[in-house]
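Scope of the values below: all heavy atoms of this structure, side chains included, with no hydrogens, waters or symmetry mates. Nothing here was measured: the structure is a model prediction, and the numbers come from that model.
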Amino acid sequence: MNRCLTNVLTGWALLIGTSSLLAQQPAPASRAIIVFDASGSMYGQVPGGVKIDIAKKVVSDIVGSIDPNMELGLMAYGHRKKGDCEDIELLVPPQPGSSAAILKAVAGLEPKGKTPLTAAVIQAAKYLKFEEAKVSVILVSDGVETCDKDPCMAAEELERMGIDFTCHVIGFDLKPGESSGLECLAKKTGGMYLAAKDAASLKTSLEAAMKQVAKPVTTLVVEAKKSSGGALIEGVSFQVFAEGGGENAIATGSGGHWSTELPKAGKYTLSAKFGGKTLELDVTVKDGDTVTKEVVFAETGLKAVAYDKEGGVAFEREVSWDLFGPADSEGNRSKVSFSYEAKPFLKVAPGTYLLTAVRGNATASVNVEVKEGPAQEVKVILGSGNLKLSAISAEGQPPIAKDVSWDLFSPPDAEGQRKKLGYSYEAQPKMTLPSGPFLVVATYGNAKGQKEIEVKAGETQDVVVLLGSGKVKLSVVMEEGGTPVAKDVSWDVFGEADAEGNRPKAAYSYEAQPTLALPAGKYEVEVVVGNAKGKAQVEIKAGATVEKVVSLGAGRVKLSALTTEGAEALSKDVTWEIFGAADAEGNRTKAGYSYDAVPTLSLPAGKYLVQMEWGSAKAKQEIEVTAGKLKEIPIIINAGTLALSAKMAEGADPAPEGLNWEVFGEANAEGERPKASYSYDAQPKIHLKAGKYLVVVTRGAATAQTEMEVPAGKMSTQALILNAGTLSLSSSTPGTWEIFGAKDAEGNRKKLTYSYDANAKLFIPAGRVLVTRSEGDKKAEKEVEVKANALTELTLDAN
């Protein structure tokens with residue numbers, strides 16, 4: 001049985017490719033996508049804070065507990081645009097070790113738009129190929145679907161199409177009457193529906209869902225109500241008996257919403273007692289399933305039956321029902337009951353109601369009067385017909401068996417607009433629709449076809465839509481006759497040029513060797529592999545598949561940087577730029593770049609100039625790329641490293657902060673030294689070309705310098721002695737600090753530094769200094785002794 005476990009909370013859903021999720025589970029790692037609700041309502045408040053903040057916190061906690069080998073991705077909706085039902089984006093593709101990327105993406109989400117939760121779940125399921133593997137979904141949403149899709153109908157489609165589809169739903173801060181579609185999404189596929197009102201219950205509900213996803217157990221969930229689909233009642237006692245197990249209950253409990261794990265799959269009897277009344281229900285549970293049973297303690301009600309037309313045959317499946325109370329002064333009705341059984345018994349108190357039946361896209365409503373006594377039968381005529389849809393690429397071709405999607409539209413209104421009335425992602429669906437005219441649109445890849453049809457009540461029609469499409473199988477080789485490139489390929493397909501030479505984009509793909517479905521016609525294909533690009537013309541014919549191999553005439557180069565001959569290749573801090581051959585004026589066009597230490601670049605065959613940088617060390621070299629060949633090119637940069645530190649005195653620890661380093665090259669004929677590098681790190685490692693340098697370090701007013709030689713391929717370590725101390729100044733009056741050195745032979749003092757702070761911490765060369773504090777005409781001064789690697793404190797007020 002396909003299963004759907006749906007948890008609706010703050011609007012995110014987690015699709016899991018296997019039963020393993022939590023890190024402590026020993027099962028094989030799985031593929032998963034978190035679908036996050038970032039619709040505008042997520043800015044709402046609940047106990048515990050803003051819903052979006054709570055959701056982000058819960059996601060962070062979950063991601064932290066997931067097996068790091070799990071291929072986890074992130075999808076979000078409603079986060080980019082207001083009022084856009086197409087605002088669904090895969091932010092992080094499923095991959096191992098994606099936790100950091102997911103946390104970063106989630107942190108940046110800002111609620112803005114609508115709630116296309118149904119389409120988001122379907123997209124995520126299709127991305128994970130749920131038709132080929134077991135898939136579970138955890139959907140957390142704070143609102144109902146707002147984009148004209150039915151989560152209940154989607155559950156049916158996903159269940160039919162999937163190998164083993166499970167949905168757990170957590171409804172977060174939902175209002176009365178808003179949960180029915182989400183409950184259907186859960187219960188129709190054997191999942192749990194959980195409600196949360198605040199941060200704590202969200203966490204508890206999510207943990208329950210995660211436990212079931214990580215290690216499915218056979219579970220029975222019981223909901224006690226006074227009317228089918230109504231509110232829960234408390235004070236009910238429950239007993240569960242195994243078939244053939246005698247009179248001893250295997251599980252007991254009480255409340256209004258109760259669940260228990262069952263020892264195995266099989267048949268059971270559920271006994272529920274409330275107000276002196278006992279009800280018994282038969283329950284059949286499959287291994288690992290979650291079955292939800294509703295126990296209704298009411299006598300009066302109605303038995304609902306739906307027909308496609310007068311005199312037709314009653315529907316036996318795929319009918320959903322809603323029962324609404326009388327309208328208030330504004331015409332609004334509250335939902336009092338619902339069911340997803342084809343022929344339900346809706347137990348409600350006597351009164352006037354509106355009963356609505358839905359099958360597929362067909363809907364009908366009747367007013368009913370429920371009276372005391374036995375339940376009365378109510379017939380609802382849907383006036384519906386069925387369409388069996390299929391698409392063909394060309395006349396005489398068999399129906400397409402997969403990857404077809406369908407949309408059904410109403411006739412155009414006065415302004416020519418059509419309303420979407422139905423959809424399906426099955427290749428050959430059977431759809432129930434109200435009688436009347438429709439436009440059927442089939443989409444297969446990038447090809448579309450449409451057909452006007454008339455649905456007739458009680459009839460089933462076979463509708464075949466002609467797409468007039470073909471396929472192109474694309475591959476790219478670096479040279480004629482070469483092996484197709486297997487990864488890191490991107491494709492763009494453009495239609496025929498218009499009168500101005502512009503071509504509309506018809507398709508794209510990031511697969512290395514995609515097969516694309518397109519309308520018959522002529523196209524231009526563009527392919528990119530690294531920095532190599534190619535184009536080709538292709539003509540597609542309806543019903544045919546054409547293979548197109550694009551030859552780039554390109555090769556690859558693997559670049560590495562060595563400090564000296566025979567050294568190991570550098571593994572970090574290397575940047576590369578690739579320039580094409582010089583033109584007549586000597587200018588070169590940038591052909592590529594990389595921040596990888598040892599990059600492999602794909603480039604068109606030809607000559608290039610490679611420039612690399614390692615810190616302040618630079619090198620360049622001419623290279624030649626040969627089509628279809630991989631060349632490994634090491635570049636000798638003849639460089640080394642200076643590892644520097646500064647101490648306030650001999651034997652002191654290195655200074656931890658406030659350092660400014662400058663490195664100068666050898667002096668020219670005029671005695672000027674070019675600046676070779678700089679750093680503000682406390683203990684920098686500076687990469688330089690081999691040679692002689694002057695290193696200058698400054699900390700506050702203290703300076704030290706030394707001449708150094710950088711040998712190629714080696715690290716030279718040097719600690720510079722500043723011979724300085726720290727002067728800590730404080731004052732209770734406003735003013736300016738000025739620090740002067742000792743008097744020279746002529747009695748003059750050199751200003752060392754100054755500060756406008758009332759409390760200043762200054763680094764000063766060791767020796768006697770004069771400290772002045774002045775403000776306008778007020779001035780105070782004092783001579784103090786600053787000792788190397790020592791703290792001197794002074795309080796001075798301007799008088």
Margin query: Between Lys692 and Glu709 (salt bridge meaning N to carboxylate O under 4.0 Å), is one present in this structure?
Written below: no
Item checked: Lys/Arg N to Asp/Glu carboxylate O, Lys750 vs Asp744, below 4.0 Å -> no
Note to self: Would you say that Thr641 contacts Leu688 through its side chain, given a criterion of any heavy-atom pair below 4.5 Å between the two side chains?
What the structure shows: no
Margin query: Would you say NZ of Lys558 has more than 12 non-hydrogen atoms from neighbouring residues, nucleotides or ligands within 6.0 angstrom?
Written below: no
Notebook entry, point to check: Do you know the tightest heavy-atom contact between Val598 and Ser560?
Noted result: CG1-CB, 4.3 Å
Check: So, the side chain of Arg768 versus the backbone of Ala742: is there a donor-acceptor pair under 3.5 Å, distance only?
Finding: no
Notebook entry, point to check: Would one find more than 12 heavy atoms of other residues, nucleotides or ligands at under 6.0 Å from atom CD of Glu565?
Noted result: no
Margin query: Do Tyr754 and Ile739 make a side-chain contact, defined as non-hydrogen atoms from C-beta onward lying under 4.5 Å apart?
Written below: no
Next item on the list: Check whether any side-chain heavy atom of Tyr508 sits under 4.5 Å from a side-chain heavy atom of Ser490, and report yes or no.
Entry: no
Next item on the list: Compare all side-chain heavy atoms of Leu752 with those of Phe740 and state whether any distance is below 4.5 angstrom.
Entry: no
Notebook entry, point to check: When you check the gap from the basic side-chain N to the acidic O, do Glu666 and Lys689 get nearer than 4.0 Å?
Noted result: no
Item checked: Cationic N near anionic O, under 4.0 Å, Glu624 to Lys629 -> no
Note to self: Does Glu785 have more than 12 heavy atoms from other residues, nucleotides or ligands lying within 6.0 Å of its CD?
What the structure shows: yes
Next item on the list: Any chance you could measure Tyr43, atom OH, to Ile52, atom CD1, to the nearest 0.5 Å?
Entry: 7.5 Å
Item checked: From CA spacing to verdict: salt bridge (charged side-chain N to carboxylate O under 4.0 Å, His left out), Glu793, Lys782 -> CA-CA 12 Å; Glu793 295 181 305; Lys782 188 170 184 179; over 6 Å; no
Margin query: Main chain of Glu585, side chain of Asp583: is a donor-acceptor contact present, judged purely on distance under 3.5 Å?
Written below: yes
Notebook entry, point to check: Do Ser774 and Thr736 have side-chain N/O donor and acceptor atoms under 3.5 Å apart?
Noted result: no
Notebook entry, point to check: Does the pair Glu662/Lys675 count as a salt bridge with the N-to-O cut at 4.0 Å?
Noted result: yes
Notebook entry, point to check: With distance as the sole criterion, is a donor-acceptor pair present between the side chains of Ser731 and Asp797 under 3.5 Å?
Noted result: yes
Next item on the list: Check whether any side-chain heavy atom of Val557 lies under 4.5 Å from a side-chain heavy atom of Thr600, and answer yes or no.
Entry: no
Check: Do Arg80 and Asp87 meet the salt-bridge criterion of a basic N to acidic O distance under 4.0 Å?
Finding: yes
Check: Less than 4.5 Å apart, any side-chain heavy atom of Leu570 and any of Leu562?
Finding: no
Check: Going from NZ on Lys714 to CG on Leu642, what distance comes out if it is rounded to the nearest 0.5 angstrom?
Finding: 14.0 Å
Next item on the list: For side chain to side chain donor-acceptor pair (under 3.5 Å), just list the numbers for His79 and Glu110, CA-CA rounded to whole Å, side-chain angles, deciding distance to a tenth of an Å, and then say yes or no.
Entry: CA-CA 6 Å; His79 61 294; Glu110 294 294 335; over 6 Å; no
Notebook entry, point to check: Should Thr563 and Asn638 be marked as a side-chain contact (heavy atoms from CB on, under 4.5 Å) after you check the CA-CA gap, both sets of side-chain angles, and the distance that decides it?
Noted result: CA-CA 5 Å; Thr563 56; Asn638 189 34; over 6 Å; no
Item checked: Neighbour count >12 (heavy atoms, 6.0 Å) for atom CZ, Arg556 -> no
Item checked: CD/Glu568: more than 12 non-hydrogen atoms of other groups inside 6.0 Å -> no
Next item on the list: Please report the shortest heavy-atom distance between Ala581 and Arg588, naming the atom on each side.
Entry: CA-NH1, 3.7 Å
Notebook entry, point to check: Looking at CD1 of Ile633 and CD of Glu622, how far apart are the two atoms once the value is rounded to the nearest 0.5 Å?
Noted result: 11.0 Å
Check: Between Asp573 (side chain) and Trp614 (backbone), is there a donor-acceptor pair under 3.5 Å?
Finding: no
Item checked: Reported CD-to-CH2 distance for the pair Gln513 and Trp491, which is rounded to 0.5 angstrom -> 8.5 Å
Checklist line | Side-chain donor/acceptor of Asn668 to backbone N/O of Gly671, under 3.5 Å | finding: yes
Notebook entry, point to check: Charged N to carboxylate O below 4.0 Å: is that the case for Glu524 and Lys548?
Noted result: no
Checklist line | Nearest-0.5 Å distance, OG of residue Ser475 to CD of residue Glu511 | finding: 13.0 Å
Note to self: Which heavy atom of Ile637 sits nearest to which heavy atom of Ala619, and what is that distance?
What the structure shows: CG2-CB, 3.5 Å
Note to self: So, taking the atom named CG in Leu559 and the one named CG in Asp596, what distance separates them when rounded to the nearest 0.5 Å?
What the structure shows: 10.5 Å
Check: Should Met478 and Leu552 count as side-chain neighbours, where that means a heavy-atom distance under 4.5 Å?
Finding: yes
Checklist line | Test log, rule side-chain contact (heavy atoms from CB on, under 4.5 Å), inputs Phe36 and Lys56 | finding: CA-CA 9 Å; Phe36 195 101; Lys56 289 180 178 181; 4.2 Å; yes
Notebook entry, point to check: How far apart are the C-alpha atoms of Thr706 and Gln718, what are their side-chain angles, what is the distance that settles it, and do they pass the side-chain contact (heavy atoms from CB on, under 4.5 Å) test?
Noted result: CA-CA 9 Å; Thr706 186; Gln718 181 68 50; 4.1 Å; yes
Margin query: Please find the pair of heavy atoms, one from Val477 and one from Glu479, that lie closest to each other, and give the distance.
Written below: CG2-O, 3.0 Å
Next item on the list: Show the numbers, then the answer: is there a side-chain contact (heavy atoms from CB on, under 4.5 Å) between Phe579 and Thr589?
Entry: CA-CA 5 Å; Phe579 297 91; Thr589 302; over 6 Å; no
Notebook entry, point to check: Between Thr564 and Gly713, which heavy-atom pair has the shortest distance, and what is it?
Noted result: CG2-CA, 4.0 Å
Notebook entry, point to check: Is there a donor-acceptor pair under 3.5 Å between the side chain of Arg773 and the backbone N or O of Gly735?
Noted result: yes
Margin query: Show the nearest heavy-atom pair for residues Leu796 and Trp737, with the distance to one decimal.
Written below: O-CH2, 3.6 Å
Note to self: Is there a side-chain contact between His687 and Glu613 in this structure, where contact means two heavy atoms from C-beta onward sitting under 4.5 Å apart?
What the structure shows: no
Next item on the list: Go through the steps to decide whether Asp492 and Lys505 satisfy the test salt bridge (charged side-chain N to carboxylate O under 4.0 Å, His left out), and finish with yes or no.
Entry: CA-CA 7 Å; Asp492 285 306; Lys505 183 181 287 190; 3.1 Å; yes
Notebook entry, point to check: Got a sec: does the CD of Glu783 have more than 12 other heavy atoms crowding it under 6.0 Å?
Noted result: yes
Check: Do Lys533 and Glu526 meet the salt-bridge criterion of a basic N to acidic O distance under 4.0 Å?
Finding: no
